[in-house]
Colleague: 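The structure that follows is given in the form of structure tokens.
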There are 2 protein chains.
Amino acid sequence: MSARTSSDPARDIPEATVARLPVYLRALTTLVDAGTSTCSSEELAQAAGVNSAKLRKDLSYLGSYGTRGVGYDVEYLRYQIAREIGVTQDWPVVIVGIGNLGHALANYSGFRSRGFRVVALLDADPRRHQEAVAGVVVRPFADLERIVEEQDVAIGVIATPAVASQDVADRMVAAGITSILNFAPSVLAVPDGVDVRKVDLSIELQILAYHEQRKSSAAEVIA
Amino acid sequence: MSARTSSDPARDIPEATVARLPVYLRALTTLVDAGTSTCSSEELAQAAGVNSAKLRKDLSYLGSYGTRGVGYDVEYLRYQIAREIGVTQDWPVVIVGIGNLGHALANYSGFRSRGFRVVALLDADPRRHQEAVAGVVVRPFADLERIVEEQDVAIGVIATPAVASQDVADRMVAAGITSILNFAPSVLAVPDGVDVRKVDLSIELQILAYHEQRKSSAAEVIA
DNA sequence: TAGATTGTTAATCGATTAACAATC
DNA sequence: TAGATTGTTAATCGATTAACAATC
């Protein structure tokens with residue numbers, strides 16, 4: 001047995017596993033809400049939409065939180081995963097670009113319940129200022145630096161048009177933000193040490209279209 | 001040299017490559033708009049945010065569309081990729097759930113320009129009916145089956161709360177939809193042959209939080 | 001103890017990358 | 001031809017999966 005513990009900073013978790021931890025966390029929360037106290041890897045895997053071998057392998061990177069012959073304590077495992085991800089603490093977030101999408105994001109209730117707190121909504125258009133969305137007032141983009149510093153913001157969300165996204169990212173990085181979630185259909189250039197994740201509706205649809213097209217072709221071959 | 005051609009239905013493209021083709025398509029469109037007629041794999045790779053070896057490997061699955069010593073004809077390669085993905089044709093799409101996010105999706109202009117056409121907006125709440133979003137009237141969810149059949153819809157977008165998403169997916173599948181883009185924070189169960197892709201804001205944020213947390217820990221170790 | 005289920009091993013599979021022969 | 005750049009090979013890397021020993 002290794003001396004690996006939860007506070008061991010050297011251990012690193014494969015990226016594919018990291019991407020699934022939030023899925024497990026959500027499944028566990030659903031189980032807790034349903035009053036379940038214990039579950040097997042098979043049950044949790046099903047709830048998360050993966051196979052149980054993968055689930056157990058993933059969990060093994062965190063430690064040994066199950067009991068052989070019994071399964072996992074749902075509440076305990078949920079806490080361990082939440083701690084591992086880092087959502088036992090609260091992450092202040094700024095959203096830039098309060099158009100349709102920005103409104104939707106600001107109103108998203110899943111934010112607060114999952115360890116994130118929208119501390120500011122920023123927009124370059126003065127006509128949007130003073131408007132309140134989900135109880136937060138929209139302020140000028142120029143306020144970015146001050147807000148990031150005062151509130152110690154590490155995560156920024158870009159919901160602007162593509163043309164503005166690189167400028168917004170540059171300003172975010174200069175202000176001290178080191179993690180960016182980009183909803184604009186653009187490829188952002190950022191320095192090393194800054195993480196960018198991208199959500200792109202039209203890319204997802206195009207991936208579906210590719211497979212859809214092949215389904216149709218296959219049907220034609222049969223017909 | 002193999003007899004592999006663009007109409008060869010047997011050849012299959014790795015999933016990781018499929019997911020990048022839309023990124024290349026967008027980069028090529030940007031280059032076309034900028035008046036560029038030719039580009040090297042290095043230039044295109046940079047515009048797409050990948051390395052050139054990966055780009056060339058990806059393109060090699062489609063065929064040989066470049067010229068050694070010269071590069072790629074931007075317009076020609078763009079067409080070939082668009083055809084491969086299937087976005088030279090028009091894909092009718094229905095969106096179910098016209099809340100904040102549904103509004104944002106319905107208003108998204110990138111839809112139309114990338115081969116997708118929103119043919120219907122559906123919502124279970126009668127108070128939302130008759131409202132027009134981006135020129136399309138919101139109709140009852142009960143109209144789903146008729147619309148899918150009449151308009152030959154293959155792709156459905158779910159923007160409802162999580163609790164409703166499985167029911168919506170079931171109805172979509174029963175109506176004949178075979179590709180679903182799910183924005184609800186839920187794991188959908190669908191039959192074989194139906195593709196589901198998932199976009200989940202809070203999962204993306206949690207992945208960023210995980211890495212952000214490790215950055216902070218690393219800083220503490222140094223301090 | 002007997003049955004159940006975890007945590008880990010090892011094999012397989014798929015994706016990435018560097019290097020370079022082919023060739024414009 | 002000489003220089004440039006593709007398309008492909010082969011090595012490496014990372015992810016998935018089945019199987020099962022460990023152990024509750």
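Chain letters run A, B, ... following the sequence lines, proteins first and then strands; every chain starts at 1.
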Colleague: Which whole-number value in Å describes the distance from B:D58 CG to C:dT16 P?
Modeller: 7 Å

Colleague: Could you go through the side chain to side chain contact (heavy atoms under 4.5 Å, CB included) check for A:Y210 and B:V87 one step at a time?
Modeller: CA-CA 8 Å; A:Y210 171 81; B:V87 289; over 6 Å; no

Colleague: Measure from CG on B:L55 to C1' on C:dA15 and round the result to the nearest Å.
Modeller: 15 Å

Colleague: Enumerate the residue pairs fulfilling salt bridge (Lys or Arg N to Asp or Glu O under 4.0 Å) with a member in residues 17-30 of chain A, sequence neighbours excluded, ordered by first and then second residue.
Modeller: A:R20-A:D58, A:R26-B:D200

Colleague: Quick one: which residue pairs count as a side-chain hydrogen bond (donor to acceptor under 3.5 Å, both in side chains) with a foot in residues 171-180 of chain B, not counting sequence neighbours?
Modeller: A:E212-B:T178, A:E212-B:S179, B:E145-B:R171

Colleague: Mark yes when over 12 heavy atoms from residues, nucleotides or ligands other than B:Q46 sit less than 6.0 Å from its CD; otherwise mark no.
Modeller: no

Colleague: Name the stems with DNA chain C in them: runs of three or more consecutive Watson-Crick or G-U pairs, distances under 3.5 Å?
Modeller: C:3-24 with D:3-24

Colleague: Test your reading of the model: is there a side-chain donor-acceptor pair from A:Q213 to the backbone of A:A209, 3.5 Å cut-off?
Modeller: no

Colleague: Can you see which heavy atom on B:V196 is nearest to which on B:V190, and at what distance?
Modeller: CG2-CG2, 3.7 Å

Colleague: Does the side chain of B:L55 come within less than 4.5 Å of B:Y24's, by heavy atoms?
Modeller: yes

Colleague: Calculate the interatomic distance between A:I13 atom CD1 and D:dA15 atom P; express it in whole Å.
Modeller: 12 Å

Colleague: Specify the separation, in whole Å, of atom CZ of A:R20 and atom C1' of D:dG14.
Modeller: 12 Å

Colleague: According to the side-chain hydrogen bond (donor to acceptor under 3.5 Å, both in side chains) rule, which pairs have a member within residues 151-162 of chain B, sequence neighbours left out?
Modeller: none

Colleague: Of the residues in residues 37-46 of chain A, which ones touch DNA chain D at a heavy-atom distance under 4.0 Å?
Modeller: none

Colleague: Under 4.0 Å from OP1 or OP2 of C:dT5: is there any side-chain N or O of A:Y65 that close?
Modeller: no

Colleague: Please state how far atom CG in A:L59 lies from atom P in C:dT5, giving the value in whole angstrom units.
Modeller: 16 Å

Colleague: B:K57 side chain: which of C:dT16, D:dC24, C:dT9 is closest?
Modeller: C:dT16

Colleague: Sort me out a list of protein N/O and nucleotides 20-23 of chain C N/O pairs below 3.5 Å, or just none if empty.
Modeller:
unit_1 : atom_1 : unit_2 : atom_2 : d
C:dA22 : N3     : B:R68  : NH1    : 2.8

Colleague: Looking at CZ of B:R114 and CD1 of A:I203, how far apart are the two atoms once the value is rounded to the nearest 0.5 Å?
Modeller: 8.5 Å

Colleague: Any donor and acceptor pair, going by atom type alone, linking the side chain of A:E43 with main-chain N or O of A:S40 inside 3.5 Å?
Modeller: yes

Colleague: Using whole Å, what does the distance between atom P of nucleotide C:dA19 and atom CG of B:N51 come to?
Modeller: 12 Å

Colleague: Under 6.0 Å between ring centres, would you say that holds for B:Y65 and B:Y76?
Modeller: yes

